[in-house]
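Heads up, the thing below is written out as structure tokens.
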Amino acid sequence: MAINYVCRHCRTFLGSIDRSDITEMQLGLHSLTPAERRDIIAYDSEGEITVKVTCGYCKEALDNNPELSLLASPLQ
């Protein structure tokens with residue numbers, strides 16, 4: 001089972017963890033609310049998990065231009 005990390009804004013692939021023994025608690029995903037889980041985590045039919053996070057470039061752009069967060073796809 002692979003856990004892939006992708007930027008939610010620019011869709012840049014950020015990295016992957018390919019371990020079947022890792023738990024959601026070790027990844028810090030256990031503390032998400034059900035709504036956050038639906039927004040952040042996606043599961044595919046092959047058992048892979050995609051976690052949507054914000055990359056450093058997009059974080060800096062949003063920090064410097066907070067009005068971008070009002071747009072549906074601000075950094076694409």
Next on the checklist: Going by side chain to side chain donor-acceptor pair (under 3.5 Å), name the residues that satisfy it together with Ser31, two or more places apart in sequence or in a different chain.
Outcome noted: none

Next on the checklist: Checking Ser16 now: which residues fulfil side chain to side chain donor-acceptor pair (under 3.5 Å) with it, not counting sequence neighbours?
Outcome noted: Asn4

Next on the checklist: Taking Ile40 as the starting point, is it possible to reach Val6 by hopping between hydrophobic residues whose side chains are less than 4.5 Å apart?
Outcome noted: no

Checklist entry - Would you say Tyr5 and Tyr43 are hydrophobically clustered, going by side-chain heavy atoms of ILVMFWY under 4.5 Å? => result yes

Checklist entry - Distance from His30 atom NE2 to Met25 atom CE, nearest 0.5 Å? => result 4.5 Å

Next on the checklist: Applying side-chain contact (heavy atoms from CB on, under 4.5 Å), can you list everything that pairs with Ser45, at least two apart in sequence or on another chain?
Outcome noted: none

Checklist entry - Under a single-linkage definition using a 4.5 Å side-chain heavy-atom cutoff for Ile, Leu, Val, Met, Phe, Trp and Tyr, are Phe13 and Val51 assigned to the same hydrophobic cluster? => result no

Checklist entry - For Ser20, which residues count as a side-chain contact (heavy atoms from CB on, under 4.5 Å) partner, sequence neighbours excluded? => result none

Checklist entry - So which heavy atom on Cys55 is nearest to which on Leu14, and how close? => result CB-CD2, 3.8 Å

Next on the checklist: Checking Arg19 now: which residues fulfil side chain to side chain donor-acceptor pair (under 3.5 Å) with it, not counting sequence neighbours?
Outcome noted: Asp21

Checklist entry - Is Leu32 reachable from Ile49 through a run of I, L, V, M, F, W or Y residues, each pair having side-chain heavy atoms under 4.5 Å apart? => result yes

Item to check | All side-chain contact (heavy atoms from CB on, under 4.5 Å) counterparts of Asp44, not counting sequence neighbours | outcome: Glu46, Glu48

Item to check | Side-chain (Lys52) to main-chain (Asp39) donor-acceptor, under 3.5 angstrom | outcome: yes

Checklist entry - Could you state the interatomic distance from CZ (Arg8) to OG1 (Thr54), rounded to the nearest 0.5 Å? => result 5.5 Å

Item to check | Heavy-atom side-chain proximity of Ile3 to Ile22 below 4.5 angstrom | outcome: yes

Checklist entry - Passes side chain to side chain contact (heavy atoms under 4.5 Å, CB included), Thr50 versus Ile41? Steps please. => result CA-CA 6 Å; Thr50 299; Ile41 304 170; over 6 Å; no

If you look only at distance, which donor and acceptor atoms sit under 3.5 Å apart when one is on a side chain in residues 60-67 and the other is two or more places apart or in another chain?
{"unit_1": "Asp63", "atom_1": "OD2", "unit_2": "Lys59", "atom_2": "NZ", "d": "2.7"}
{"unit_1": "Asn64", "atom_1": "ND2", "unit_2": "Glu60", "atom_2": "O", "d": "3.2"}
{"unit_1": "Asn65", "atom_1": "ND2", "unit_2": "Ala61", "atom_2": "O", "d": "3.2"}

